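Every value quoted in this text rests on a predicted model; they were computed, and no experiment measured them. Atoms considered below: every heavy atom in the structure, side chains included; atoms not considered: hydrogens, waters and symmetry mates. Letters A, B, ... are given to chains in the order of the sequence lines, protein chains preceding strands, and every chain is numbered from 1.
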Amino acid sequence: MIEFKGVNKWFDKLHVLNQINLMIPKGEVLVICGPSGSGKSTLIRCINKLEPIQKGEIIVNEMSVHKPTTNLTKLRAEIGFIFQQFHLYPHMTALQNIMLAPVNVKKITKVEAEKIARQKLERVGLSEKADSYPAQLSGGQQQRVAIARGLAMSPEIMLFDEPTSALDPEMIGEVLDVMVSLALEGITMCVVTHEMGFAKKVADRVLFMDEGKIIETGKPTDFFDNPKTERAADFISKILTH
Amino acid sequence: MIEFKGVNKWFDKLHVLNQINLMIPKGEVLVICGPSGSGKSTLIRCINKLEPIQKGEIIVNEMSVHKPTTNLTKLRAEIGFIFQQFHLYPHMTALQNIMLAPVNVKKITKVEAEKIARQKLERVGLSEKADSYPAQLSGGQQQRVAIARGLAMSPEIMLFDEPTSALDPEMIGEVLDVMVSLALEGITMCVVTHEMGFAKKVADRVLFMDEGKIIETGKPTDFFDNPKTERAADFISKILTH
Amino acid sequence: ASNLDEIVKRGELRVAVQSGAAPYAFVDKHGNQAGSMIDFTQGMADAMGVKLKVLDYDWDGLIPALLSGKADILAADMTPTLKRALKVTFTDPWIHVQPCIFTTTGAGYQTLADVNKPEVTVGVLLGSTGEVIAKKYLPNAKIKSYKGGGRMVVQALTAGHVDAGVNDDLAVLTVLPDFPPNSIRLLDKRLGQGKDPLAFAVRPDSVNLWQWINLYFGTVRANGDYAKNIAYWMDGTDWKNDH
Amino acid sequence: MLDNFNFRIIFEYLPLFLNGLKFTFLISLVALFLALITGIIACACRISSIKVLKYPVIAYIEIIRSTPLLVQIYFLYFGLPTLGIRVPEIQTGIIALMLNSGAYIAEIIRAGINSVDQGQIEAGLSSGLNYVQRMRFIILPQALGVTVPPLLGQAIVLVKDTSLLSLISVVELTRSGQTMTSERFMPSEAFLTVAFFYMCIYFCLKALADWSQRKLIFREAY
Amino acid sequence: MMAFYFSRLVEIFPFFLTGLWMTTKVAFISLITCTLIGFILGMIRASNNVLLKRLVGIYVAFARGTPFVVQIFIVFFIFPEWGLQLEAFPAALLAMAIMGSAFVCEIVASGINSIPKGQWESAASSGLSKMQQLRLVILPQSMKVIVPPLVGQYVLLIKDTSVVSVIGVMELTRVGWVTVVRIPEGLMVFALVGVLYFSISYPLILLSNYLERRMAI
Ligand SMILES: Nc1ncnc2c1ncn2[C@@H]1O[C@H](COP(=O)(O)OP(=O)(O)OP(=O)(O)O)[C@@H](O)[C@H]1O
Ligand SMILES: Nc1ncnc2c1ncn2[C@@H]1O[C@H](COP(=O)(O)OP(=O)(O)OP(=O)(O)O)[C@@H](O)[C@H]1O
Ligand SMILES: [Mg+2]
Ligand SMILES: [Mg+2]
């Protein structure tokens, strides 16, 4: 469960998050969209404290994220984060990438970690790439390894920041397939994406942001077909026309 | 007019272009698509000799591109090339970016070059950004400046290598709009892209490549709706499913 | 405890030298310290009943070494000037040398007046007697100070970087055999009023060491060791075969 | 240690130090300018495909980089006269510093040129610019930004290297300190004063380097 | 004449070898200490601790801003006034460590800073502590950026050992100087010194060039 209570954040003078109130119940799949620079990334980066906030409170599984006393390691172990640019560790094989955190954060044995890692690799359909380095993988494969890496910590929550927008079109499908299967399993997911197909298929709710504010939220079909606000309508028409 | 006659190219052992025969008449708008690594970029980069070829011949406006005696400057002045990553010169303003080649290659006066540059900027809808540096422009704006830069040499042919795939979804539209207007004016265009909407709207022909070979070519609607080969069908389904 | 007590207690007499100055102190072909001053200080150490430790520095390091307590005695071919004596205490001069002007055989200089001209460049060793004397007696000439031992000045002369050099005659005569015969000559008249002193130096607080060194030289002068040392190192060239 | 630090003598010798500083400054400036030219020419040869230009320059760079400057200075000072070339001290020193820094600068410039994105070169190619035009309008202006900070770093090194010229009797900052030491036997005062002046030069150059780092580097913006 | 020079060379050569050995010893020990200290300082300099960063910055400014010969004087002759009396050899090592680690620090810091922020974030997101992020994820990657200039810096450090001759360490350059006093062939002596330096520096330069090429891929 994730809760934003009156969250505000500034980069210098720029008000990137403006009085955000949001409640994401356990198991929900939330899609966040909005124009570039509207604060989508910032929003989800605050959830695992990659960014500090200046006002308000974010509560994840009863932990207040930005309280100095919060056990960050525990918090982050419960949250998987997937980046647009994958950010796999280039000096490690896929398997090593996935094992790193379980071994060093959860302190489980290497043997056990390897078992888990292989299992997660299989789940994203990349069993045979265990010993490949990131540079030897296609973008789509890299992103799937990144997802496996996130899953290896058995998180309750997965956050995705535009997971497919750095990918070639033919690879987007393979990553979305994995994400769909996760969504169907009931993991809480927060996904920044413009992939309408994905949103319509599995999202419980779509959230539209602009200029640091939540402008509109609704069921995916309602939102995409009948946006309530003019700004959302304008945005949807833009990503649709081409 | 561009003609490929039995063109072959290798990167070391990798056969990237395999016996390419292709004829692009004046005024045609050709869309090239295909999986990543299939040789699309290499194909169009050969047209203005950014890449050497090992066998065959490419003829552009009666010049044999890879003959050592060919006047490369003249050839390249007749061809505009637009890159996926824009490659604007970061140390020059938009206007200076556009004026550089006309002044130094065509040797026209600065005054005249500036007039042309402003005209081209207006055409891509960025008159007011003349004095901005690339870093101050959004991706879509940068790509439009890059197109204006290409147009400033009044080329007969424009080549585009995935011009929209580094862009945020909402910016893709503005770039495609410019490209559509060019296509309607009758410039010969070769566009590597996966934007089906664009292809369907203005392409005269779609060319599908895989593993260095031209697998299929056809009218856009035919190609996308009824691909003849299995590989094309597979590819199209992949870029469509999500 | 006095400085002398300390030396005896530690069992080691530390002497700072600059090994660029044959025959006073230099490194011989076996890589050992040798020279007139080394022998004298060895004698001192023997008389004290302690070991001798020779510390070898560049010219720049000599004074700091003494002042910082690295060394007890500074033994260099150093002139006790009044300004310098404000910071360190010099012993009585143990030898007097005669600075000389030397030049290439071909050059036309004969007298001091020939050299004391603005167009003449004179090489000296930084901080040496020669430098002090040259500045005093050749005020019109252009003085260039070198580091790295007496040979540097001779070498600068043969390379043509200076027209003449000033150094004590012993040091010059010592290196002359290494250069082509008759390529360098000394002006007949030595420089200065008379002979110039060289002295050892100690820290100002080492009063009893200072007295002790003076006493040491008194003793070796009396018993003939001094004369033997000077005869071997300064007057003859036999040491060249040994070292 | 500072309790018996004699500031009065430092002030007495201040003109000497300032004179030394002046020469350090002038020598550095001239040497840096010449080293830049040397570096640019050497770099041009280094990246050219003409073998008779390229290989001698590689040898020059590698030899300079793997022998101490001290040895190089000594060699020029006493070696050139045996070839019948007689150059005064300051000029010898400047030539030595020029050759030494020139080799490093050539490598810095080469690294700067290599750092320019291949795409920039291709963009230039595509609009028909020739080699010289691409160098002049596209590569060099961008390489400059990447090059200036390490160049200023090299300038700092060069300023400190001028201290070695005291060996061949050039009067500069370090020599001022040595002169004061040998006249007054006050090494701490002398060397700390010298260090102070070098630090001043360092901070100026460092500030310039930081500024240029912020101002001159053009990152390709996507 | 050639034979004469050659016999001179043979005569002095063993002495030069002892100098070379001392140079190698000073260089080797100080390269190791510089690397160790430099890495620690570099990590501090690339950290977020403003105070420590400043302190290291001041230290680096001193070590880079003043000639090494001045630093070695301070270590050897002024430190005793503060109660640190060292023999020439350890003093030379200490001075080298002070000077060299500042340069290594800068290389390490810029190497760490060259790693994209995303790598830190990605490691942080999986719950690794700051130290673990640095040790497991950042440092192994930044080695690519650090190692080539580091080896280049080693060459500079080896050449800087020539300065420790001022406090009487009998290394290669000092051997050259004391030999020049005895035999007149200054050029030959310094040519030999140059060749010997070349013999230890050049392999490192080749290594640096090689690493640069390899790491660039
Ligand atoms: N570290 C930072 N320092 C200053 N400003 C920042 C920083 N990170 C982001 N911003 C600014 O904050 C605003 C919101 O950024 P954010 O990355 O959250 O937007 P976004 O909605 O994710 O956009 P995009 O679709 O381009 O990823 C933007 O204007 C951005 O320029
Ligand atoms: N400079 C090069 N050296 C070696 N191999 C190369 C080079 N450039 C491209 N290749 C290889 O040639 C093949 C074709 O590359 P090309 O860039 O033409 O593909 P593409 O169809 O444009 O792919 P994408 O959609 O990813 O841009 C790929 O396998 C690629 O790895
Ligand atoms: Mg974002
Ligand atoms: Mg491509």
Discussion item. Listing request: all salt bridge (Lys or Arg N to Asp or Glu O under 4.0 Å) pairs with a residue in residues 34-52 of chain E, at least two apart in sequence or in separate chains.
Written reply: Arg45(E)-Glu106(E)
Practice prompt. Heavy atoms only: give me the nearest Ser68(C)-Phe77(E) pair and the separation to one decimal.
Written response: CB-O, 3.2 Å
Fill in: For Arg174(E) against Tyr57(C), the heavy-atom pair lying closest together
NH2-O, 3.3 Å
Practice prompt. Answer whether the closest heavy-atom distance between the side chains of Phe73(E) and Pro64(C) falls below 4.5 Å.
Written response: yes
Should the heavy atoms of other residues, nucleotides or ligands under 6.0 Å from [atom1] of [X] be counted, would the total exceed 12?
X	atom1	answer
Gln85(E)	CD	yes
Trp210(C)	CH2	no
Asp235(C)	CG	yes

Item to complete: Can you tell which part of Phe26(C) gets under 4.5 Å to a heavy atom of chain E, answering side chain, backbone, both or neither?
Response: side chain
Fill in: Atom pair CE/CH2 of Met152(C) and Trp177(E) - distance to nearest 0.5 Å
4.5 Å
Discussion item. Working to the nearest 0.5 angstrom, can you tell me the gap between Asp56(C) CG and Ile167(E) CD1?
Written reply: 11.5 Å
Fill in: Contact listing (chain C partner; residues 48-57 of chain E; heavy atom under 4.5 Å)
none
Item to complete: State whether the side chain of Lys70(C) and the backbone N or O of Ala88(E) hold a donor-acceptor pair below 3.5 Å, judged by distance alone.
Response: no
Discussion item. If I measure from the heavy atoms of chain C, does Phe76(E) come under 4.5 Å with its side chain, its backbone, both, or neither?
Written reply: both
